[in-house]
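Quick caveat, the model's predicted, so the values are computed rather than measured. Heavy-atom basis, side chains included; hydrogens, waters and symmetry copies ignored.
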Amino acid sequence: EYTIESSTMTINVNGIIDSRIQWDTNKLQTINTLKMNGNLIEIPSDFIQQFISLKTVELHTENVLQGMLAKTQIENVIIGKEVKQIEEKAFEQCEKLTSIQFNQESTLQTIKDSAFKDCISLKIITLPKSLQNIQFYTVFNGCNQLQTIQFEEGSIFENDNGLIYSNNKKTLHYNLNKETISEYFILPANIFQIGKKLFERTEMKTIALSNDLERIEDGAFQHNDIESIIIPKNVKYIGKHTFEMNQHLELMIITSKEIE
């Protein structure tokens, strides 16, 4: 079921948008705002591509499907309170996307990998307090203009000078300001987990890790100029490729006896 009013199209769906439906292509090409309501399970792969004038999308579906709006020319996205999950690559390579708004009563819990990958015009985003699961590096990989990630009051995440934390600052997820990392970096005390590719490609040569550290995720320090490092005694896990492409690394002292 759908309606068209001026240049806005509203689709109410419960399940699948049938690929056998014959849409009026001429009308679709004039639509600049698309609103979708209901329980969307599947959508034809070429459906959105027919909206060549589309600028704004407003979603009130339970999920934003995998790759649903990828590589489109949309500029604005409004995520309704009904959306609980944004699937992989949902908005990948939306190169003109500048605005993402979440409803104040958002129930969003999960944003999956590469959801906003290569959205090169995105500069700022405010994530809802309901959000629980996100891999920041993969979700925003390639968002080279992204300067600020903000969080609603009450979120489990917080931004402190470009460093994204959770768990009362015990887990360090993401670093928005890699260019500000100096050659010598001291990891803040009380951090027990360093996120995936957190310090990839910085100017770092020496890092002092805190004794509270227990986990170092995949690629956390790859592509740096680290010369020496001491792995604290409480570290139990070091991910894959953690120190890959540190060509000047000559000394690594491992004091932990429980590394996986």
Side-chain angles (χ1 to χ4, degrees), residues 1-17 31-44 47-48 51 54-94 96-117 119 121-136 138-140 143 146-159 164-167 171 173-174 176:
E1 178 184 343
Y2 71 93
T3 60
I4 296 177
E5 184 176 343
S6 185
S7 59
T8 297
M9 183 176 190
T10 301
I11 300 177
N12 300 310
V13 60
N14 185 19
I16 297 172
I17 295 180
I31 300 298
N32 60 40
T33 299
L34 175 64
K35 299 180 181 180
M36 303 190 74
N37 307 314
N39 180 25
L40 181 61
I41 297 175
E42 186 178 333
I43 189 170
F47 177 66
I48 299 295
F51 295 79
L54 190 62
K55 302 298 181 186
T56 299
V57 175
E58 186 172 335
L59 300 168
H60 298 277
T61 56
E62 187 169 325
N63 294 329
V64 181
L65 301 181
Q66 180 173 343
M68 178 174 164
L69 290 149
K71 300 180 181 179
T72 59
Q73 300 300 304
I74 59 171
E75 299 174 4
N76 310 292
V77 174
I78 300 170
I79 307 292
K81 65 180 181 180
E82 300 84 357
V83 176
K84 292 180 172 59
Q85 183 162 283
I86 298 175
E87 300 283 355
E88 292 94 339
K89 302 182 179 182
F91 301 97
E92 182 182 30
Q93 292 185 36
C94 290
K96 294 185 177 181
L97 180 60
T98 59
S99 173
I100 304 168
Q101 301 175 52
F102 294 90
N103 187 282
Q104 290 184 345
E105 299 178 5
S106 175
T107 58
L108 181 70
Q109 296 178 358
T110 301
I111 302 178
K112 291 195 172 181
D113 290 355
S114 301
F116 298 103
K117 181 181 178 184
C119 290
S121 298
L122 187 63
K123 294 182 179 181
I124 184 171
I125 186 171
T126 300
L127 296 172
K129 61 185 178 183
S130 58
L131 183 64
Q132 300 289 316
N133 305 301
I134 178 173
Q135 289 283 350
F136 287 91
T138 57
V139 167
F140 296 110
C143 296
L146 186 61
Q147 299 170 2
T148 302
I149 299 176
Q150 299 175 338
F151 302 96
E152 290 182 346
E153 185 176 355
S155 173
I156 64 170
F157 302 102
E158 60 181 299
N159 182 337
I164 308 299
Y165 297 89
S166 70
N167 194 18
T171 301
H173 294 275
Y174 193 58
L176 272 168

Quick one: do Phe140 and Ile111 satisfy side chain to side chain contact (heavy atoms under 4.5 Å, CB included)? Show the steps, please.
CA-CA 10 Å; Phe140 296 110; Ile111 302 178; 5.7 Å; no
Side chain to side chain contact (heavy atoms under 4.5 Å, CB included) between Asn159 and Leu176, worked out:
CA-CA 9 Å; Asn159 182 337; Leu176 272 168; 3.9 Å; yes
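With rounding to the nearest 0.5 Å, the separation of SG in Cys119 from NZ in Lys96 is 13.5 Å. Remark: Thr10 OG1 to Ile31 CD1 distance equals 9.0 Å, nearest 0.5 Å. In this structure, Ser106 OG and Gln101 CD are separated by 12.5 Å, a value rounded to the nearest 0.5 Å. Between atom OH of residue Tyr2 and atom CD1 of residue Ile17 there is a gap of 11.5 Å, rounded to the nearest 0.5 Å. Rounded to the nearest 0.5 angstrom, Ile78 CD1 and Leu59 CG are separated by 9.0 Å. Here the straight-line distance linking atom CE of Met36 with atom CE of Met9 works out to 8.5 Å at 0.5 Å rounding.
Taking the side chain as every heavy atom from C-beta outward, Glu88 and Ser114 never approach each other to under 4.5 Å. Residues Phe102 and Ile125 form a side-chain contact, since some pair of their non-hydrogen atoms from C-beta on lies under 4.5 Å apart. Residues Leu131 and Ser155 fail the side-chain proximity criterion, which asks for heavy atoms closer than 4.5 Å.
What you find for Leu122 and Ile124 is that their closest heavy atoms are CD1-O, 3.6 Å. Looking at every heavy atom in both residues, Gln150 comes nearest to Thr148 through CG-CG2, 3.4 Å. Shown here for Gly80 and Asn103, the closest heavy-atom pair between the two residues is C-CB, 4.0 Å. Here the closest heavy-atom approach between residue Leu127 and residue Ile149 is recorded as CD1-CG2, 3.9 Å. Residues Ile41 and Leu65 come closest through the heavy atom pair O-CD1, 3.5 Å. Contact record, Thr98 with Asn76: OG1-OD1, 4.4 Å, taken as the closest heavy-atom pair.
Shown are Ile43, Asn37, Thr61, Leu34; of these, the side-chain contact (heavy atoms from CB on, under 4.5 Å) with Ile11 is made only by Leu34.
With sequence neighbours left out, Asn32 forms a side chain to side chain donor-acceptor pair (under 3.5 Å) with Ser7. Residues forming a side chain to side chain contact (heavy atoms under 4.5 Å, CB included) with Thr72 (at least two apart in sequence, or on another chain): Ile48, Gln49, Leu69, Ile74, Cys94. Under the rule for a ring-ring contact (aromatic ring centres under 6.0 Å, His included), the partners of Phe47 that lie at least two apart in sequence or sit in another chain are Trp23, Phe51. With sequence neighbours left out, the salt bridge (Lys or Arg N to Asp or Glu O under 4.0 Å) criterion links Lys112 to Glu87. Considering only residues two or more places apart in sequence or on other chains, Thr138 meets the side chain to side chain donor-acceptor pair (under 3.5 Å) condition with Asp113. With sequence neighbours left out, the ring-ring contact (aromatic ring centres under 6.0 Å, His included) criterion links Tyr165 to no other residue. For Asn63, the side chain to side chain donor-acceptor pair (under 3.5 Å) criterion is met by no residue, not counting sequence neighbours. Looking at residues two or more places apart in sequence or on another chain, you find a ring-ring contact (aromatic ring centres under 6.0 Å, His included) between His173 and Phe136, Phe157. For Asn133, the side chain to side chain donor-acceptor pair (under 3.5 Å) partners at least two apart in sequence or on another chain are Thr110. Every residue was checked against the salt bridge (Lys or Arg N to Asp or Glu O under 4.0 Å) condition with Glu58, not counting sequence neighbours, and none meets it.
Every pair passing ring-ring contact (aromatic ring centres under 6.0 Å, His included) that includes a residue from residues 58-93 is listed here, sequence neighbours excluded: Phe91-Phe116. Within the structure, the salt bridge (Lys or Arg N to Asp or Glu O under 4.0 Å) test picks out the following pairs touching residues 65-83 (sequence neighbours left out): Lys55-Glu75, Lys81-Glu105.
The backbone N or O of Glu1 lies less than 3.5 Å from no partner atom in the side chain of Asn12, so there is not a single donor-acceptor pair. Proximity of a side-chain donor or acceptor of Ser130 to a complementary backbone N or O of Leu108 within less than 3.5 Å is detected.
In this structure, Gln135 places its CD atom where only 12 or fewer heavy-atom neighbours from other residues, nucleotides or ligands lie under 6.0 Å away. Counting non-hydrogen atoms of other residues, nucleotides and ligands closer than 6.0 Å to NZ of Lys84 gives a total above 12.
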